[in-house]
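Read through the structure below, which is laid out as C-alpha cells, and then see the notes.
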Number of protein chains: 2
Amino acid sequence: MIPPLMNTASRKQREIAAREELILDCAARLLGEVGYQGLSMDRVAEAVEYSKGTIYQHFDCKEDLLAGLCLRSSQDLYDLFSRAAGLDLSPRERLIAIAFAYQLFIRLHPLEFANMQTLKSATVREKTSAENRCAMQTIEAQVMNTLTQVVRDGVSSGDLTLPQGLTCEELIFCLWATQYGAASLGISGIPFADYGVPSIAGALQKFNNNLLDGLNWHPVSKEFDYAATQRYLEQQVFNAELRMLQDDAETRQRKSS
Amino acid sequence: MIPPLMNTASRKQREIAAREELILDCAARLLGEVGYQGLSMDRVAEAVEYSKGTIYQHFDCKEDLLAGLCLRSSQDLYDLFSRAAGLDLSPRERLIAIAFAYQLFIRLHPLEFANMQTLKSATVREKTSAENRCAMQTIEAQVMNTLTQVVRDGVSSGDLTLPQGLTCEELIFCLWATQYGAASLGISGIPFADYGVPSIAGALQKFNNNLLDGLNWHPVSKEFDYAATQRYLEQQVFNAELRMLQDDAETRQRKSS
DNA sequence: TCAGAATTTGACGTATTGTCATTTTTCGAC
DNA sequence: GTCGAAAAATGACAATACGTCAAATTCTGA
C-alpha cells in the first residue's frame with residue numbers, strides 16, 4: 001500500500017497543479033475580456049477567488065504568469081504541428097499542412113499569438129522564471145525538430161534536392177519566418193487589404209506553392225492537385241477547429257448586434 | 001516684411017518642435033539605458049529637464065510618446081528603403097538592396113525595431129493619438145508603394161513573369177513577411193544558432209536568391225553574380241552604416257571589458 | 001483535542017500614470 | 001519701463017498596480 005504521507009502529498013500536488021490551471025484559465029479569459037492593459041494581478045485574484053498572495057505562490061511575477069499562458073499556447077501549437085506533420089501524406093503536403101495548422105492556430109487564438117509576441121520581447125522574457133524559460137526552450141526545440149524532419153523526409157525520399165549552400169534548417173527557418181511574419185503583420189493594424197492583399201492566408205498559400213515549385217520539390221503543382229490537399233485539410237483533418245472558428249465568429253456577431 | 005506676430009508665432013512653433021525632438025532623443029537614449037520596463041515619464045521629464053506636465057503637453061500618454069519614437073524610426077527605415085529602391089540597378093538587384101537595407105536597419109536599431117513591434121500590438125496602438133496613427137499610415141503606404149514599384153518594374157521590364165494568380169502586392173507582402181518574421185524571430189531569444197542557423201542574414205540571402213530564381217526572375221543567379229551586388233551594397237552604398245555598426249560593437253566591447 | 005507546520009490572506013510600501021490648480025513667464029500695448 | 005492678460009510650466013495629488021510580509025487561518029499527525 002502507498003503510505004499515507006505520500007498520498008496526502010500527491011493530493012496536495014494535484015490540487016496545486018489544478019489551481020495553476022485554474023489561474024491560467026481565468027487569466028486567459030480576462031485577457032480576452034479586458035485586454036492586456038486591463039489585466040492586473042488583483043483582477044486575476046478576484047476571478048479565481050483566491051488572494052493575490054496565493055497567485056504569487058504560483059507565479060513569481062506578472063510576466064511569469066503571462067509566460068505560463070504563452071507556454072500553454074505553445075504546447076497547443078506544437079500539438080497541432082505534430083498532427084499535421086504526422087499525416088499520411090507526401091512530405092510537401094505535410095509541409096503545407098503545417099503551414100495551414102499555423103495559420104489556423106493564429107486565427108483560433110489571436111490573443112495568445114499576440115501575447116506570445118509580447119512575451120518574446122527581451123525585456124519581458126528576462127523577467128520570467130528559469131523554469132518557464134527552460135520549458136519554453138524544450139517546446140521550441142521540439143517544434144524546430146518536427147519541422148526540419150519534414151524537409152529531411154523530402155530530401156531523403158528524393159522529392160527535394162536542396163540548392164547548393166542552403167541547409168534544411170535554414171530553409172525551415174525562412175519558411176517559419178514567412179508564416180510568423182505574415183501573421184504578425186496581419187495583426188499589426190496595417191491595412192493590407194487596402195494595399196492589394198485581400199487575404200493573407202490566400203497570399204501565403206499561393207506564395208508557398210510557388211516557392212516549393214521554384215525549389216522543384218516534387219510533386220510540383222503541375223503534377224499534383226494541391227487545392228485538393230487544402231480541401232482535405234479543411235474538411236477532414238482540421239474540420240473541428242474550423243467549426244470552432246465559425247462558432248466563435250457567430251457568437252461575436254450575436255454579441256455585437 | 002514679415003509681421004512680428006507671425007515671427008514670434010513661428011519661433012514658438014520651432015521651439016516646440018525642437019523640444020519635441022529633444023524629448024524623443026532623451027526617450028530613445030533612456031530606452032537604451034534602462035530598457036522598456038525602466039522607462040517612466042518621470043525619468044524622461046528629469047532627463048529633458050522639464051516637468052512632467054510639459055511632456056504631457058507634447059504627448060497625450062506614454063504610448064503616444066513611444067509611438068512618436070516608432071514614427072521616427074519608421075521614417076528612418078523608409079529613407080533607407082528609398083535609397084535602396086532608387087539605386088541604378090536592375091529590379092531584382094534593387095529588391096535585394098531593399099532586403100539588405102531592412103536587415104541593416106534592424107541591426108543598427110534593434111531597440112527601435114523591438115519598440116516598433118511592441119507599439120504595433122493592438123492594445124498599445126489604440127491608445128496612440130489619431131495624429132500619430134495617421135502619420136504612421138502615410139509612411140506605411142509609402143513603404144508599400146516603393147516596394148511594390150520595384151516588382152512592377154521587374155514585370156514591365158520583362159525580367160519577371162508573375163505566376164498565375166499571384167499579384168505584385170501579394171508577392172511583396174510575403175517577401176516583407178519573411179524579412180520581418182526573420183528579424184522578429186531573431187530577437188525572440190530562440191537560439192537558432194544551436195538549431196543549425198548560424199547567421200540569419202546569411203540564411204535570408206540564400207533563401208531570397210533561391211526564391212527569386214525559382215520565380216525565374218531574370219537575370220537568374222546562374223547568369224549574374226549577385227555576390228558582387230552584396231559586396232557593392234556593403235562596400236559602397238551602405239558603407240557608412242556598416243561602419244557605425246562596427247563602431248557600436250567596439251564601443252560595447254570596450255564598455256564591458 | 002492540540003501544538004506546530006503549512007498555507008492563505010489582504011493591508012501596506014513603493015512606483016507609475018495622468019490631472020489640474022497654482023505659479024511663473026511671455027507678450028504686446030501704452 | 002510698466003502693466004495686465006494670456007500662455008506655459010510646474011509639481012503636488014489622486015488613482016491604480018505590483019510585489020511583500022506579518023498576522024490569521026487551515027491542515028496534519030499524534
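Every heavy atom of this structure was used, including side-chain atoms; hydrogens, water molecules and symmetry mates were not. All values derive from a computational prediction rather than experimental measurement. Order of the sequence lines sets the chain letters (A, B, ...), proteins ahead of strands, with each chain counted from 1.
- Identified under the side-chain hydrogen bond (donor to acceptor under 3.5 Å, both in side chains) test for residues 186-201 of chain B, with sequence neighbours left out: none.
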Would you mind writing out the side-chain donor-acceptor pairs for residues 132-146 of chain A within the sub-3.5 Å range, not counting sequence neighbours?
| from | atom 1 | to | atom 2 | distance (Å) |
| --- | --- | --- | --- | --- |
| N132(A) | ND2 | D64(A) | O | 3.4 |
| N132(A) | ND2 | D64(A) | OD1 | 3.1 |
| R133(A) | NH1 | T128(A) | O | 3.2 |
| T138(A) | OG1 | C134(A) | O | 3.0 |
| E140(A) | OE2 | R125(A) | NH2 | 3.4 |
| T146(A) | OG1 | Q142(A) | O | 2.8 |

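- Atom OH of Y56(A) is separated from atom P of dT8(C) by 16 Å (rounded to the nearest Å).
- Rounded to an integer number of Å, the gap from Q13(B) CD to dC27(C) C1' is 17 Å.
- Using a 4.5 Å heavy-atom cutoff, the side chains of E169(B) and F173(B) are not in contact.
- Contacts classified as side-chain hydrogen bond (donor to acceptor under 3.5 Å, both in side chains) and involving residues 19-32 of chain A (residues at least two apart or in different chains) are given here: R19(A)-H58(A), E20(A)-H58(A), E21(A)-R72(A), D25(A)-R72(A), R29(A)-E33(A).
- Between K62(A) atom NZ and dA15(C) atom P the separation is 18 Å, expressed in whole Å.
- Taking atom CG of L65(A) as the reference point, atom C1' of dC18(D) lies 13 Å away to the nearest angstrom.
- Summarising the geometry, atom CG belonging to L80(B) is positioned 5.5 Å from atom CD belonging to E241(B); distances are rounded to the nearest 0.5 Å.
- The CD1 atom of I23(B) sits 12.0 Å away from atom CG of L30(B), with the distance rounded to the nearest 0.5 Å.
- Residues from residues 38-48 of chain B that place a heavy atom under 4.0 Å from any atom of DNA chain C, listed by number: L39(B), S40(B), M41(B), D42(B), R43(B).
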All N/O contacts under 3.5 Å from nucleotides 6-12 of chain D to the protein, with atom names and distances to one decimal?
| from | atom 1 | to | atom 2 | distance (Å) |
| --- | --- | --- | --- | --- |
| dA9(D) | OP1 | R19(B) | NH1 | 2.4 |
| dA9(D) | OP1 | R19(B) | NH2 | 3.0 |
| dA9(D) | OP2 | R19(B) | NH2 | 3.2 |
| dA9(D) | OP2 | Q57(B) | OE1 | 3.0 |
| dT10(D) | OP2 | S51(B) | N | 2.7 |
| dT10(D) | OP2 | S51(B) | OG | 3.2 |
| dT10(D) | OP2 | T54(B) | OG1 | 3.1 |

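- Classification of the Y102(B)-F81(B) ring pair by plane angle, with boundaries at 30° and 60°, yields perpendicular.
- Residues forming a side chain to side chain contact (heavy atoms under 4.5 Å, CB included) with E15(A) (at least two apart in sequence, or on another chain): R11(A), K12(A).
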